[in-house]
Amino acid sequence: MKNFFKYFVVSLSLLALSCDNENDTKQLYKFEVATTVGAGSDNYYNGLSLQFGLAESSVAKAEAKVENGKVVFELENDLSELEGKNVWFGVKGFVKFFHTLTAEEVKSKSLTLPDKDKGSTLKSDDSNTNDWIVALYMGINKDGKEDGAPIYWSTGNLISVKTTEAGEPTEVAFHIATDEETVEESNAQTTMFVGKANLLTEVPDGYVNIPKGRKWDVYCFGDKTGLMLYDGTQCDLFVTDSKQMVGDNIVFDISGNKDFDIATNLGGTWRTPTGGKTGNNEYAALEDSYGEYTALLPDHEAMGTAGTNYSVKYEYTVKIDSKEVSVNTLYFPSAGYRHAKVALGRGSFVGMWTATADPTCTPVFYGNTTTETGEDMPQIEVKPQTAAFAYSSLVKETTWYVHPRTSSMPVRPVTE
């Protein structure tokens, strides 16, 4: 049933209705949603509730049951007021689709949701922004709690694209990686991992020299801009420059913090998942040592060209009211990591920042003891303000490691 879900066809038919409630007249606007799956498949949305809402809130504006492959939503206002707004459609505990409604879609009163298994998509223009973002439920709830609100994982990592010319102050557009970009992230030869020749270090804008249109996908912990590049020996300078430490005040949790969480650049309720050394966090279910999470099993598979790519694959079987609905799949690419200009592990190392810093002074881990040029990695004095948690996969095991906040690693956004 993994490829069971093909697409929704959403037909938005606006009808003005009058509802008399004593002496008050309330006008409602309807739009019809047809939930269509692939030829020869049952419509497994029948009997389930489809929700519709605005991206800045996890609260649905409308909800209706799917019957005979169709849903009719009722809204207090017509869709014209939602033109240009980011909206979502979804089934709770299954999938969410995020999209900005265009004037053409509002006028035509119809749109088609993409195939969830094909991941997020990009606009056809040069805006370097998503047309659709697909987010999947993987059996993990907010803060890792059994009774928490479901969180939905984007199907790709956060990607930056430079929108200014080389030599100009760096400005970027952020988007969620497509399936094709995810494969590219796992390729050791990719150009997405910006080479050190064009990078500056120990500066707030380390990408000023690279040309317009170049992409990158690794970031320092708590750097909202995604532009800072600091050597590992400059942790104290980095946390001061990024305002993660003011006086004796240290920022340990950045999840959803618009000053430090780079995932919030996507808008809405997007943020970086929480971490920690207990099961009460959002990455714990993906860690091999937490045996109570038996529904999620790491399965390392090659992606793209054999022999050059490496990734971690997670599958989660979605069950609603004891009915198996679909299988959701996430890939975490081997995007490697960076210490200032020193790039390591592309095509072999899977790592992801969490939103949680490490106040316990656990020794810092380096995946390699020498750089790509054979130099020894510098030793770092570990302090509460200089280290943070990441999930990393080595030797086919996903587990916790602590890295300097100056380390640049990928970010996988989640939403609620």
Side-chain angles (χ1 to χ4, degrees), residues 157-158 193-194 196 199-207 216-246 248-255 257 259-263 272-277 283 334-346 348-373 375-394 398-412:
N157 290 342
L158 186 69
F193 209 30
V194 180
K196 62 183 179 180
L199 297 175
L200 302 176
T201 57
E202 281 114 43
V203 293
D205 184 356
Y207 293 86
W216 62 96
D217 56 352
V218 291
Y219 312 96
C220 295
F221 179 86
D223 172 22
K224 170 71 178 286
T225 69
L227 307 181
M228 303 176 84
L229 286 173
Y230 283 71
D231 184 86
T233 60
Q234 299 293 329
C235 285
D236 288 310
L237 177 62
F238 168 72
V239 295
T240 300
D241 287 352
S242 61
K243 296 183 173 57
Q244 295 178 53
M245 185 174 182
V246 179
D248 294 330
N249 296 319
I250 305 170
V251 177
F252 288 119
D253 181 7
I254 65 169
S255 189
N257 188 319
D259 292 326
F260 304 106
D261 188 345
I262 193 170
T272 300
T274 60
K277 287 189 173 182
Y283 255 113
S334 53
Y337 58 103
R338 179 188 294 284
H339 298 301
K341 289 186 178 182
V342 180
L344 298 161
R346 194 70 164 195
S348 62
F349 178 83
V350 179
M352 297 282 165
W353 273 131
T354 75
T356 307
D358 177 31
T360 65
C361 288
T362 305
V364 170
F365 169 81
Y366 280 118
N368 299 68
T369 56
T370 58
T371 69
E372 56 192 4
T373 59
E375 302 168 291
D376 289 334
M377 293 297 294
Q379 296 298 310
I380 298 173
E381 181 185 359
V382 182
K383 304 176 183 178
Q385 71 268 26
T386 62
F389 274 125
Y391 265 121
S392 306
S393 291
L394 291 173
T398 305
T399 190
W400 286 112
Y401 293 106
V402 180
H403 292 257
R405 296 190 189 202
T406 53
S407 296
S408 296
M409 279 191 288
V411 171
R412 177 60 62 95

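Proximity of a side-chain donor or acceptor of Asn157 to a complementary backbone N or O of Pro410 within less than 3.5 Å is not detected. A donor-acceptor pair under 3.5 Å is formed between the side chain of Arg338 and the backbone N or O of Val194. The main-chain N or O of Phe221 is found under 3.5 Å from a side-chain atom of Gln244 such that the two form a donor-acceptor pair. The main-chain N or O of Thr272 is found under 3.5 Å from a side-chain atom of Ser255 such that the two form a donor-acceptor pair. A donor-acceptor pair is defined here as one N or O able to donate and one able to accept, closer than 3.5 Å; no such pair exists between the side chain of Tyr283 and the backbone of Met352. Although no hydrogens or angles enter the test, the distance criterion places no donor-acceptor pair under 3.5 Å between the side chain of Lys341 and the main chain of Thr201. Remark: the backbone N or O of Phe389 is not paired with any side-chain donor or acceptor of Thr356 at under 3.5 angstrom.
Within the model, atoms CE of Met245 and CG of Leu237 stand 12.5 Å from one another, a figure rounded to the nearest 0.5 Å. If you take CG on Leu199 and CG on Asp205, they are separated by 10.5 Å, rounding to the nearest 0.5 Å. Once rounded to the nearest 0.5 Å, the distance linking OG1 of Thr233 with CD of Glu202 reads 6.0 Å. Atom OH of Tyr230 and atom SG of Cys220 lie 8.5 Å apart (nearest 0.5 Å). Rounding to the nearest 0.5 angstrom, the gap separating the CH2 atom in Trp353 from the OG atom in Ser408 is 8.5 Å. The CD atom of Gln234 sits 9.0 Å away from the OG1 atom of Thr406 when rounded to the nearest 0.5 Å.
In plain terms, the two heavy atoms of Val239 and Asp236 that are nearest each other are CG2-O, 3.3 Å. The heavy-atom pair separating Val411 from Ala263 by the smallest distance is CG1-CB, 4.4 Å. Here the closest heavy-atom approach between residue Met228 and residue Asp241 is recorded as CE-CB, 3.9 Å.
Among residues two or more places apart in sequence or in another chain, the ring-ring contact (aromatic ring centres under 6.0 Å, His included) test is passed with Tyr207 by Trp216.
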message = Determine whether Phe260 and Lys224 satisfy the following criterion, side chain to side chain contact (heavy atoms under 4.5 Å, CB included), listing intermediate values before the conclusion.
response = CA-CA 5 Å; Phe260 304 106; Lys224 170 71 178 286; 5.7 Å; no
task = Could you go through the side chain to side chain contact (heavy atoms under 4.5 Å, CB included) check for Val218 and Phe193 one step at a time?
result = CA-CA 8 Å; Val218 291; Phe193 209 30; 3.6 Å; yes
request  = Starting from the C-alpha separation in whole Å, work towards a yes-or-no answer on side chain to side chain contact (heavy atoms under 4.5 Å, CB included) for Leu229 and Leu200.
outcome  = CA-CA 7 Å; Leu229 286 173; Leu200 302 176; over 6 Å; no
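At least one side-chain heavy atom of Ser407 sits less than 4.5 Å from a side-chain heavy atom of His339.
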